[in-house]
Chemist: 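I have a structure here, written as structure tokens, and I will follow up with some questions on it.
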Amino acid sequence: MSIFSILRTGAGAMQAARRGIAVASNNVANADTPGYARQRLELSTVGTMRQGGLLLGRGVSADSITSAYDRFNQASVTTRTAVSSYSDHRAGAYRAIEPVFAEGPDGRLGAAITQFFDSFSRLGNDPADPSLRRAVLGAGDTLAAMFTQADTALLDRLTVADERVSETVTQANSLLGQLGALNAEITSLEAAGGEAGDLRSQRIAALDSLATLLPVRSAEQADGSMTVLLGGHALVQGATTRPLSVSVDPATNLNRVEVPMGGGVAEITTQITGARLGAVLEERDTIIPGLREDLDALAYDLATEVNSVHAAGYGADGVTGRDFFVAPTAVSGAAGLFGVHASVLGDPDAVAAATTAGLPGDNTGSQAIAALADANLAGGGTRTFLGFYADIVVEVGTAAASAYTDQSRAEVRLHASLDIRDSTSGVSVEEEALDLLRFQDAYQAAGRVLSTANELMDELLRIV
Amino acid sequence: MRVTQTQAHRAQLLEARRKKADAADAAKIASSGRRITRPSDDPAGARRALLVKAASEDYAIGRSKIDHAGAEHARREGALDEMTGRLTRAREVALSMANATMSASERSAAAAEIVEIKSTLVELGNTRFLDRYLFAGSATNAAAFDAAGTYQGNADEITVVLPGGVESPVTADGGALLRGTGGDQDVIGALDGLIAGLQGNNVVAIRAGLDEVAASIDHVIETRSELGADVGLLENLDAIFETAEISLEDHRAQIEEADIVEAYSAVVQTRGAYEQALQVTAKSRTPSIFDLL
């Protein structure tokens, strides 16, 4: 081995050490970067040469930089990210819905139902008393306000959820675009023999973000690209992306989610059941409509039954046949349209407390309406009005409590998956610090090799 | 297993966030005094509280109805008491005028007194409470009797329904009380007969009138006894309803309201746990290897 060979060996060693320091520095810099998988410099010997009877090594080569990425760990993180995001948004939906059904110290719809029938009961004391009649109208008005406010609050929430569908799809499409672009860069770079560790980490971060929005699966291909699937639909394949689209369903006036297929689009709204979009769709299409249907059924039954008795009675003005509430024409929408009938509103004498005309002391009508409170007239004749409403409250409370528990559990499971991924792919600052020291020592030692080889060269030239 | 800084930070963040949420929940319960502020706090409890509150209000309304009915009964009782007094005087007059020694002019003067007594009874039959005629059946907006004592009301008995389905009458049939409708004693008729006997100086008619007035007194007293029984029932019911209302209110409070001592204890405990979590987080930020190099 010539002096020049020793110089080459020393220079190679210095270069390898410098690269090692660069890799460790990059790891430290990206310790908190989402999706970053720590990188490692792969070293190997250059080879040997025979000199005389000796086999002499020719130094070190920095072959490649590998990434500590584990696709199985990543698949678990992707799945649990979607579940956690779904649970988060579902719990958030119930946090917004619960106040509609929370009675509180002043009471809401439940108290209004009780007070409405109580006002008719009190009217039985003295049906001719104008203050008691006004109290009945006031209680009816309050009941109407509670029904319409509850329905409006749910409808507002449904509108917000519908807007979130569009917003979520837009965000998802942006991430799909990023994934397609990253696929192209990674495959191109790796095909040319380059290292794409940082790009792969960016792709993982984008995938993690996408998993919060859509319940996707990923599969890495032989060429280094990542295919992203939503159900059976490939949204990203190599550099090609199939962005989702949103259009308004004319039947429901709500946004529907579509995927490109065969030159057109195919609706996949009901197929999306996980992640944020799944939670938003569930809130919009199942949770809120279910509660509105329950409120509508209660409002319809209550208005219909009260009207039936009231119309058979006589007001203080001797008039019969009046409805107390606006008669609902259908169950659907009954809560939102609930109101005191115009023929009664503002006219205490129109309240039908009697069942015989011209008898101001006759309270049989008002007592008959008061008695409706204890009759099983709601829920297909199975419960009282208040009992039916109380069951809605239980339904909301139970579902909400379950959603909060699910949220907590999903968060724990996601963290467990992230911990497992980080234990393989994450950056340990201590490890990188030791690597820096190691490569620093190696660099200094290689420098010593060069200076020794240089001295040998100087000595040789001096002799010559 | 390798533990990275990110893992450690995530675990600390999760723990601190949870402890903070627990502390916030405890503070909300302590400051509001309620353990159920939303259905998910206790779904079954929220349902029970709704139904218990409604039942408690039923009893409260029942008691207010009893108050109102009681006031009307007292007014009616007063009228019946006075009727008894006036009829007793009428019997005294009839008894003395039934004596064969009385002259026509004395009997004529006695007739004038009985006319006055009849007029008083008609007035008492038109007794009002607030603006309701109490002896007019359900025709409560008009006088039950005209000046001649003819009944103008109806036979309707208006009742109010109390919790448990008990009905309490709040009006009465003046016709049954004073005019003998439905086979009862015709009190006004009895006085009319006595007046005619006295004015006609007819001892036989006077004696017959005396018997009728005596029967009228018994009838009014009997009516008053029935009213007294109603009043007694209402008083008993009021006591029962009061007990029930208090019991239901206690039950509601147990369901909905927080035990203040427990609530404040929870605030202290959760706050302490949160501060402990923060201290652990702070202490776990030990110097990294870079600080030691």
Side-chain angles (χ1 to χ4, degrees), chain A residues 31-32 94 98-99 101-105 107 110-111 113-115 118 121-122 124-126 128-129 354 356 358-364 367 370-371 373 386-387 389-391 393-401 404 408 411-412 415 418-419 422-424 426-431 433-434 437, chain B residues 1-7 9-11 14 18 32-34 36-51 53-54 57-58 60-62 64-65 68-69 72 129-133 136-142 154 156 158-161 167 170-171 256 288-290 292-293:
Chain A
D32 292 323
Y94 275 109
E98 273 206 285
F101 299 96
E103 284 292 303
I113 291 172
T114 302
Q115 283 157 16
D118 284 350
S121 184
R122 284 197 185 89
N125 277 351
D126 186 358
D129 185 341
T356 308
L359 295 178
D362 180 0
N363 66 357
T364 48
Q367 301 222 105
L386 185 64
Y389 176 71
D391 286 345
V393 170
V394 170
E395 178 193 326
V396 169
T398 306
Y404 304 147
S408 189
E411 187 179 41
V412 169
H415 282 217
L418 289 170
D419 284 349
D422 284 348
S423 73
T424 306
V427 173
S428 167
V429 172
E430 286 74 26
E431 286 177 6
L434 290 172
L437 288 174
Chain B
M1 185 168 104
R2 291 176 70 243
V3 177
T4 65
Q5 277 69 27
T6 307
Q7 283 170 263
H9 175 256
R10 191 163 47 233
L14 182 64
R18 288 205 167 159
S32 68
R34 298 168 66 84
I36 299 179
T37 56
R38 51 185 183 174
S40 60
D41 289 337
D42 180 357
R47 181 181 189 278
R48 260 198 330 274
L50 253 181
L51 299 176
K53 250 187 275 194
E57 280 172 24
D58 264 353
I61 286 174
S64 79
K65 285 182 175 179
H68 188 94
E72 291 191 337
F129 179 72
L130 299 176
D131 54 358
R132 281 153 61 95
Y133 287 92
S138 61
T140 55
N141 61 334
N154 60 38
D156 294 343
I158 303 298
T159 60
V160 287
V161 180
E167 292 194 35
V170 291
T171 62
E256 275 193 320
S288 78
I289 190 166
F290 285 104
L292 299 172
L293 290 174

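So that the names make sense, note that chain A is the first sequence line, chain B the second, and so on, each numbered from 1.
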Chemist: If I take atom CZ from residue B:Arg38 and atom OH from residue A:Tyr94, how far apart are they, to the nearest 0.5 angstrom?
Modeler: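 Output value for this atom pair is 13.5 Å.
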
Chemist: Side chains of A:Ser423 and B:Gln7: is there a donor and an acceptor less than 3.5 Å apart?
Modeler: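 B:Gln7 and A:Ser423 do not have a side-chain donor-acceptor pair below 3.5 Å.
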
Chemist: Shortest non-hydrogen contact from B:Pro43 to A:Val394?
Modeler: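 Shortest heavy-atom separation between B:Pro43 and A:Val394 comes out as O-CG2, 3.6 Å.
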
Chemist: Of the backbone (N, CA, C, O) and the side chain (C-beta and beyond), which part of B:Lys53 lies under 4.5 Å from a heavy atom of chain A, both, or neither?
Modeler: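 For B:Lys53, side-chain heavy atoms alone lie under 4.5 Å from chain A.
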
Chemist: State, yes or no, whether a side-chain contact exists between A:Glu395 and B:Pro39 at a heavy-atom distance under 4.5 Å.
Modeler: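 With C-beta onward as the side chain, the pair stays apart.
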
Chemist: Keeping the roles fixed (side chain from A:Glu103, backbone from B:Leu50), state whether a donor-acceptor pair exists under 3.5 Å.
Modeler: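 Absent.
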
Chemist: Taking every non-hydrogen pair under 4.5 Å, which of A:Thr364, A:Leu434, A:Asn363 racks up the most with chain B?
Modeler: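 Heavy-atom pairs under 4.5 Å are most numerous for A:Asn363.
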
Chemist: With a 4.5 angstrom heavy-atom cut-off, could you sort out which part of A:Val427 is near chain B: side chain, backbone, both or neither?
Modeler: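 The backbone, not the side chain.
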
Chemist: Should A:Val429 and B:Thr4 count as side-chain neighbours, where that means a heavy-atom distance under 4.5 Å?
Modeler: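 No, every pair of side-chain atoms sits at 4.5 Å or beyond.
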
Chemist: How many angstroms lie between atom CG of A:Leu359 and atom CG of B:Asn141, to the nearest 0.5 angstrom?
Modeler: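 Interatomic distance, A:Leu359 CG to B:Asn141 CG, rounded to 0.5 Å: 8.5 Å.
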
Chemist: Quick check on B:Asn154 against chain A: is it the side chain, the backbone, both or neither that has a heavy atom closer than 4.5 Å?
Modeler: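 For B:Asn154, side-chain heavy atoms alone lie under 4.5 Å from chain A.
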
Chemist: I need the minimum non-hydrogen distance between B:Ser40 and A:Ala401, along with the two atoms involved.
Modeler: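 Of all heavy-atom pairs spanning B:Ser40 and A:Ala401, the closest is CB-N, 3.7 Å.
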
Chemist: Identify, with sequence neighbours excluded, every residue that meets ring-ring contact (aromatic ring centres under 6.0 Å, His included) alongside A:His415.
Modeler: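 Partners of A:His415 under the ring-ring contact (aromatic ring centres under 6.0 Å, His included) test: none.
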
Chemist: For chain B, which of A:Val412, A:Asp126, A:Leu386, A:Val396 has the most heavy-atom pairs under 4.5 Å?
Modeler: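 Result: the option with the highest number of such pairs is A:Asp126.
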
Chemist: Determine whether B:Glu256 and A:Pro105 make a side-chain contact, defined as any pair of heavy atoms from C-beta on separated by less than 4.5 Å.
Modeler: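 No; the side chains remain at least 4.5 Å from each other.
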
Chemist: For residues B:Asp156 and A:Asp362, determine if any side-chain heavy atom of one lies less than 4.5 Å from a side-chain heavy atom of the other.
Modeler: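 No, too far: nothing below the 4.5 Å cut-off.
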
Chemist: Please classify the contact of B:Arg48 with chain A as side chain, backbone, both or neither, using a heavy-atom distance under 4.5 Å.
Modeler: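 No part of it gets close to chain A.
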
Chemist: Select, from B:Ala46, B:Ala11, B:Ala54, the one with the greatest count of heavy-atom pairs under 4.5 Å involving chain A.
Modeler: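 Sorted descending by pairs with chain A, the first entry is B:Ala54.
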
Chemist: Under a 4.0 Å threshold between the charged nitrogen and the carboxylate oxygen, would A:Asp422 count as salt-bridged to B:Arg2?
Modeler: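 A salt bridge is absent here (no side-chain N lies under 4.0 Å from a carboxylate O).
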
Chemist: Out of A:Ala31, A:Pro99, A:Ser121, A:Ala102, which one racks up the most heavy-atom pairs below 4.5 Å with chain B?
Modeler: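 Counting heavy-atom pairs under 4.5 Å, the top option is A:Ser121.
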
Chemist: Verify whether one side chain among B:Glu57 and A:Gln115 offers a donor that lies under 3.5 Å from an acceptor in the other.
Modeler: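 The criterion, which ignores hydrogens and geometry beyond distance, is not satisfied for A:Gln115 and B:Glu57.
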
Chemist: Any idea which of A:Ile113, A:Asp129, A:Thr356, A:Leu418 has the most non-hydrogen atom pairs under 4.5 angstrom with chain B?
Modeler: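 Heavy-atom pairs under 4.5 Å are most numerous for A:Leu418.
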
Chemist: Measuring heavy-atom distances to chain B, does A:Ser408 have an atom under 4.5 Å in its side chain, in its backbone, in both, or in neither?
Modeler: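 Both backbone and side chain.
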
Chemist: Could you grab the distance from atom CZ of B:Arg10 to atom CG of A:Asp419, nearest 0.5 Å is fine?
Modeler: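 Those atoms lie 5.0 Å apart.
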
Chemist: Nearest 0.5 Å, please: how far is CG in A:Asp118 from CD1 in B:Ile61?
Modeler: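 It comes to 3.0 Å.
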
Chemist: Out of A:Glu411, A:Arg122, A:Glu98, return the one with the most heavy atom pairs under 4.5 angstrom to chain B.
Modeler: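 That would be A:Glu98.
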
Chemist: Taking atom OH of A:Tyr404 and atom CG of B:Asp41, what is their separation to the nearest 0.5 Å?
Modeler: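 Here the rounded value is 8.5 Å.
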
Chemist: Top residue by heavy-atom pair count (under 4.5 Å) with chain B, among A:Gly124, A:Pro360, A:Ser428?
Modeler: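 Among A:Gly124, A:Pro360, A:Ser428, the one with the most close pairs to chain B is A:Pro360.
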
Chemist: Given heavy-atom pairs under 4.5 angstrom as the criterion, report whether the side chain, backbone, both or neither of B:Thr159 touches chain A.
Modeler: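 Interface part for B:Thr159: both.
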
Chemist: Looking at OG of B:Ser64 and CG of A:Asn125, how far apart are the two atoms once the value is rounded to the nearest 0.5 Å?
Modeler: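 Spacing of OG (B:Ser64) from CG (A:Asn125) equals 6.0 Å.
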
